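See structure below.
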Amino acid sequence: MARHVQFDQLGGPEVLRVREVNTGTPGPGEVLIQVDAIGLNRADAMFREGSYFLQPSFPSSLGYEAAGTVEAIGEGVADLTVGDPVAVVPAFSLNDYGTYGDHVIIPASAVVPRPPSIAPVTAAAVWMAYLTAYGALVDEGGLLPGDHVLLTAASGGVGLAAIQTARRIGAVPIATVRGTAKRQALLDSGATHVIDTESEDLVTRVKELTGGKGVQLAFDPVAGPGVDTLAQAIAPGGKLLVYGALDPRPTPLPNAAFYPDLSTSMFTMFRVTGDPQRLRRAVAFVNAGLNDESLTPVVDRTFDLDDIVDAHRYMESNAQTGKIVITVGHDTDTA
């Protein structure tokens, strides 16, 4: 039997339960993984509480990221073997698969090799954040060396990954933060400039930092009415990519009355993970960055699988800078 985290109703962290389940054997195109570490994401909490774009079917599992070793492979899986160190990328529906467990079945298309030098905790902190950052900034945003990029709510996993991704391609990351508590952490993570939106005017400061031009790209997980302000900080011909909805209020077409020279769109990482060629390029970019250490995941804190409720409570506190990772112990070798 395996231990999985499941929930039977929508709600807060307290609805999560660690249960013994029979994982069965992997079917065609699937892989059974012994999990050593699990990456937590904001999407997990949204799915649990019913505010995600998918609604769970009960009893439901959850989780997009993990790292471990291949324990068994299903029919038709040709590029993985038992014993391979691997990581799981978010390339499936949470209604079909999940990573919150000590042994989980995952589609082989969502499993990538893990270099032996990359520890499971580090590997579990990589793929959601860095695929989102690469997909938005490079693949879709077309960010170039010397371009300025504005990163709002930048202290989360995706924000930190975006800072490093921008630096890796020679762009200039400008991060925003509310208050001063996380300012130095963002600078230490590679942000060229940090704007405290509680004490500084965002548009004025961006124009000062870019010689009056504005940024070529703004990457925003907040949405809501604040996109009007962001639009004023973007250079003519620039882009606004929104990848979240931390502000539950309606999001207007930014500065529509002034017809800005600006393209605006929602970005989802699944555009990358759902396209084999785009995913191949993204994985190559991220692995190259991990190997030369220009991309270094920031793990804020780890929790044991049995403490999953506390881990979700900590995630919802927004106290973290970087990734929260669950570590998984193994008393036996049986699934």
Side-chain angles (χ1 to χ4, degrees), residues 4-18 38-66 88-101 104 106 110 124-133 135-136 151-162 178 219-227 241-251 265-274 300-301 303 305 307-326:
H4 281 195
V5 175
Q6 296 182 335
F7 61 108
D8 301 315
Q9 64 186 56
L10 302 178
E14 68 278 358
V15 303
L16 299 177
R17 300 285 186 272
V18 180
I38 303 161
L40 267 59
N41 293 287
R42 188 68 58 180
D44 302 342
M46 295 173 68
F47 185 64
R48 184 205 70 225
E49 64 188 12
S51 60
Y52 199 46
F53 69 89
L54 292 173
Q55 289 299 304
S57 299
F58 302 122
S60 181
S61 60
L62 72 171
Y64 276 124
E65 291 181 289
V88 179
V89 304
F92 49 84
S93 169
L94 288 178
N95 279 324
D96 298 326
Y97 300 94
T99 60
Y100 279 28
V104 298
I106 297 293
V126 169
W127 292 103
M128 175 71 85
Y130 285 90
L131 289 179
T132 301
L151 306 169
T152 62
S155 62
V158 173
L160 296 176
R178 296 179 61 185
F219 188 42
D220 174 50
V222 181
V227 297
L241 293 181
V242 177
Y243 69 99
L246 296 177
D247 188 333
R249 294 175 293 176
T251 302
S265 65
M266 295 292 298
F267 175 78
T268 170
M269 175 208 56
F270 296 107
R271 293 179 188 166
V272 174
T273 60
D300 178 272
R301 187 172 171 183
F303 289 81
L305 184 65
D307 298 321
I308 190 66
V309 171
D310 290 337
H312 268 239
R313 285 178 177 148
Y314 182 63
M315 179 167 59
E316 293 191 343
S317 75
N318 293 318
Q320 73 275 16
T321 299
K323 196 80 165 183
I324 302 168
V325 175
I326 301 298

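Predicted, not measured: the structure shown is a model, and the values here were computed from it.
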Is it the case that the side chain of Glu14 and the backbone of Val309 share a donor-acceptor pair, with hydrogens and angles ignored and the cut-off at 3.5 Å? no
Would you say the side chain of Val15 lies within less than 4.5 Å of the side chain of Leu10, judging by non-hydrogen atoms? no
As an exercise, state the distance from CG of Asp220 to CE of Met266, rounded to the nearest 0.5 Å. 9.0 Å
Indicate the atoms forming the closest heavy-atom contact of Ser57 with Asn95, along with that distance. N-OD1, 3.4 Å
Can you give me the closest heavy-atom contact between Ile106 and Gly98, atom names plus distance? CD1-O, 3.8 Å
Do Val104 and Tyr97 make a side-chain contact, defined as non-hydrogen atoms from C-beta onward lying under 4.5 Å apart? no
Donor-acceptor pair, Asn41 side chain versus Asp44 backbone, under 3.5 Å? no
Closest non-hydrogen atoms of Asp307 and Phe303, given as atom of the first, atom of the second and distance, are O-CD2, 4.1 Å
Out of curiosity, Met46 CE to Leu94 CG, how far, rounded to the nearest 0.5 Å? 11.5 Å
Taking Glu316 for the side chain and Ala45 for the main chain, is one N or O donor matched with an acceptor at less than 3.5 Å? no
Least distance between heavy atoms, Tyr314 atom then Ala319 atom: CE1-CB, 3.9 Å
Could you check whether any side-chain heavy atom of Leu241 comes within less than 4.5 Å of a side-chain heavy atom of Ser265, counting everything from C-beta outward? yes
Quick check: do Met269 and Met128 have side-chain heavy atoms less than 4.5 Å from each other? yes
Minimum-distance pair of heavy atoms, taken over all atoms of Gln55 and Phe47: C-CE1, 4.0 Å
Residue that, paired with Phe219, satisfies side chain to side chain contact (heavy atoms under 4.5 Å, CB included) out of Val242, Thr152, Leu151: Leu151
Are Val158 and Pro221 packed together at the side-chain level, in the sense that at least one heavy-atom pair is separated by less than 4.5 angstrom? no
Reference residue Ile38; test side chain to side chain contact (heavy atoms under 4.5 Å, CB included); the match among Val5, Leu305, Val88: Leu305
Give, for atom CG of Leu160 and atom CG of Asp300, the distance between the pair rounded to the nearest 0.5 Å. 9.5 Å
Lys/Arg cation over aromatic Phe7: Arg48, 6.0 Å, 45° cone: no
For Glu65, is there any backbone N or O sitting under 3.5 Å from a side-chain donor or acceptor partner on Thr99? yes
Would you indicate whether the side-chain heavy atoms of Leu62 and His312 approach each other to under 4.5 Å? yes
Parallel, tilted or perpendicular, as decided by the 30° and 60° cut-offs, for the rings of Phe92 and Tyr64: tilted
Tell me if a side-chain donor or acceptor on Asp247 pairs with a main-chain N or O of Arg249 at a distance below 3.5 Å. yes
Is the shortest heavy-atom distance from the side chain of Tyr100 to the side chain of Leu40 under 4.5 Å? yes
Closest non-hydrogen contact found for Phe270 with Pro90 is CE2-O, 3.6 Å
